[in-house]
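What follows is one structure encoded as structure tokens, with my remarks underneath.
Note: hydrogens, waters and symmetry copies are ignored here, and every other heavy atom, side chains too, is used.
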Number of protein chains: 2
Amino acid sequence: MSDVKGAAALRATLVYNLGTLGALASDRFADRVEELGLKPKHAGLLAALDAGPTASQQELATRLGVAPSLIVALADQLQELGAVERVRDPQDRRRQVLNLTPEGRRLLTRCTEAAEATDAELTAGFTEPQRAALTHALRTLGEHHTPN
Amino acid sequence: MSDVKGAAALRATLVYNLGTLGALASDRFADRVEELGLKPKHAGLLAALDAGPTASQQELATRLGVAPSLIVALADQLQELGAVERVRDPQDRRRQVLNLTPEGRRLLTRCTEAAEATDAELTAGFTEPQRAALTHALRTLGEHHTPN
DNA sequence: CAATATCGTTCACAGCTCGAATGATTCAGG
DNA sequence: CCTGAATCATTCGAGCTGTGAACGATATTG
């Protein structure tokens, strides 16, 4: 396209902005849920459990894009917090089904509140149409990349 | 707003989508620049050097939001690739000014091409208005969070 | 009833990033 | 001038994350 790729060529890129802003947003969200004893990945796991009914940990691993061993660690910590309980699947006793407890649901709503607060902080100074456009654009992009 | 925070409440959040999509995009970008011997942070440093004229490494650290010691490591590796040269600032001989070499500029354009390819991959199946809306929304969000 | 595959789990390890300590240089004040 | 404090780049040790290779238990296939 352009012979002399100008200064801001990389910065104008979608992936550049997604990467930097994603890291920034995740850091701020991490600060907020830290007092709950959680990290962003814990929140992601809680959300995944709340979304689908009950999946195997392997499914969860691929859905979250992490190694199965990490699911084990996350589930361990969530179990210590009383947010999750492990139940052997009677149909297949190899499987440990992860169930959200009431405490887990409570924690998830706390996470959602933290996320919404972070959203407000990030989009401070935005007009409402701007905010809507951003949310909508990201949601459509997300829908194109959920492993369904 | 909602009494029983439904399933997709957290997933509908801005910070959730930014975080997951940012990580996804960064991973794909990392795959592409790996063969150049670079990681995303190297590309970020190259872009920062190309943008402003010549900043101190401390400035670069705060601009990229990382520790000064990390700038040293990144600069070391870029120097080994011949992409950057260190020059003592005559005005203040404590400062090591980082200069982009022609090879550095060449690498930067390669990174930009990789980023654009990743963009195309991410937005495959998008209409042109959709792509434009996404780019524009992210750019405005980014402008609100650059430390200027 | 084997042989093989799959599930969750454990464990050792590599990679990334930070923070404190260090030496060199500059600056402020008397 | 000269001395003490501040600032720069750098080195080094340590913490935290996440992965991949084992392993035991269970399921499935022929």
Side-chain angles (χ1 to χ4, degrees), chain A residues 19-20 22-24 26-31 33-45 48-49 52-80 84-99, chain B residues 19-20 22-24 26-31 33-34 36-45 48-49 52 54-80 84-99:
Chain A
T20 56
L24 175 68
S26 293
D27 281 353
R28 300 220 185 158
F29 178 67
D31 286 343
V33 294
E34 189 182 18
E35 60 187 24
L36 302 176
L38 300 179
K39 310 233 163 183
K41 302 238 163 177
H42 294 129
L45 179 52
L49 287 178
T54 49
S56 81
Q57 295 182 204
Q58 310 266 349
E59 281 179 41
L60 290 170
T62 61
R63 200 178 297 270
L64 298 187
V66 299
S69 52
L70 182 56
I71 300 289
V72 175
L74 292 174
D76 282 350
Q77 293 156 350
L78 287 177
Q79 197 172 22
E80 278 183 33
V84 150
E85 59 179 5
R86 272 184 242 244
V87 180
R88 285 251 169 238
D89 183 355
Q91 259 71 35
D92 185 341
R93 301 220 315 273
R94 290 173 301 181
R95 290 204 169 105
Q96 290 271 51
V97 179
L98 295 180
N99 282 332
Chain B
T20 57
L24 176 68
S26 294
D27 282 352
R28 300 219 185 158
F29 178 68
D31 286 344
V33 294
E34 188 181 19
L36 302 176
L38 300 179
K39 311 234 162 183
K41 304 237 161 178
H42 295 130
L45 181 50
L49 287 178
T54 48
S56 81
Q57 295 183 203
Q58 309 267 349
E59 282 179 41
L60 290 170
T62 62
R63 201 176 294 270
L64 298 187
V66 299
S69 53
L70 182 56
I71 300 289
V72 175
L74 293 174
D76 282 349
Q77 293 157 350
L78 287 177
Q79 196 173 20
E80 277 182 35
V84 150
E85 59 180 3
R86 272 184 242 243
V87 180
R88 285 253 168 235
D89 182 355
Q91 259 70 36
D92 185 340
R93 301 218 317 272
R94 291 172 300 183
R95 289 203 169 106
Q96 290 270 51
V97 179
L98 294 180
N99 282 333

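- B:Lys41 places none of its side-chain heavy atoms less than 4.5 Å from the side chain of B:Leu45.
- The distance between atom CG of A:Leu64 and atom C1' of D:dT19, rounded to the nearest whole Å, is 15 Å.
- Rounded to an integer number of Å, the gap from CD of A:Gln91 to C1' of D:dA27 is 13 Å.
- Of the possible donor and acceptor atoms, one in the side chain of B:Arg88 sits under 3.5 Å from a partner among the backbone N and O of B:Arg94.
- The two residues B:Arg95 and B:Ser56 come nearest to each other via the heavy atoms NE-CB, 3.5 Å.
- We find that CG of B:Leu98 is positioned 8 Å from P of D:dA9, with the value rounded to whole Å.
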Sugar-phosphate atoms are those with a prime plus P, OP1 and OP2; base atoms are the rest. Using that split, label each nucleotide of nucleotides 1-15 of chain C B, S or - for protein heavy atoms under 4.0 Å, 5' to 3'.
----BBSBBB-----
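- Counting all heavy atoms, side chain and backbone alike, A:Gln58 lies closest to A:Pro68 at OE1-CG, 4.0 Å.
- Rounded to an integer number of Å, the gap from B:Arg93 CZ to C:dG23 P is 19 Å.
- Across the protein-nucleic acid pair, B:Gln77 atom CD and C:dT17 atom P stand 10 Å apart, rounded to whole Å.
- Between B:Leu38 atom CG and C:dC16 atom P there is a gap of 13 Å when expressed in whole angstrom units.
- Here the shortest heavy-atom pairing between A:Gly44 and A:Leu64 reads O-CD2, 4.1 Å.
- Taking for each of A:Ala67 and A:Pro90 the nucleotide of DNA chain D with the nearest heavy atom, the 5'-most of the two is the partner of A:Ala67.
- With sequence neighbours left out, the side-chain contact (heavy atoms from CB on, under 4.5 Å) criterion links A:Val97 to A:Thr54, A:Asp89, A:Asn99.
- Per the geometry, NE2 belonging to A:His42 stands 14 Å off P belonging to D:dC16, to the nearest Å.
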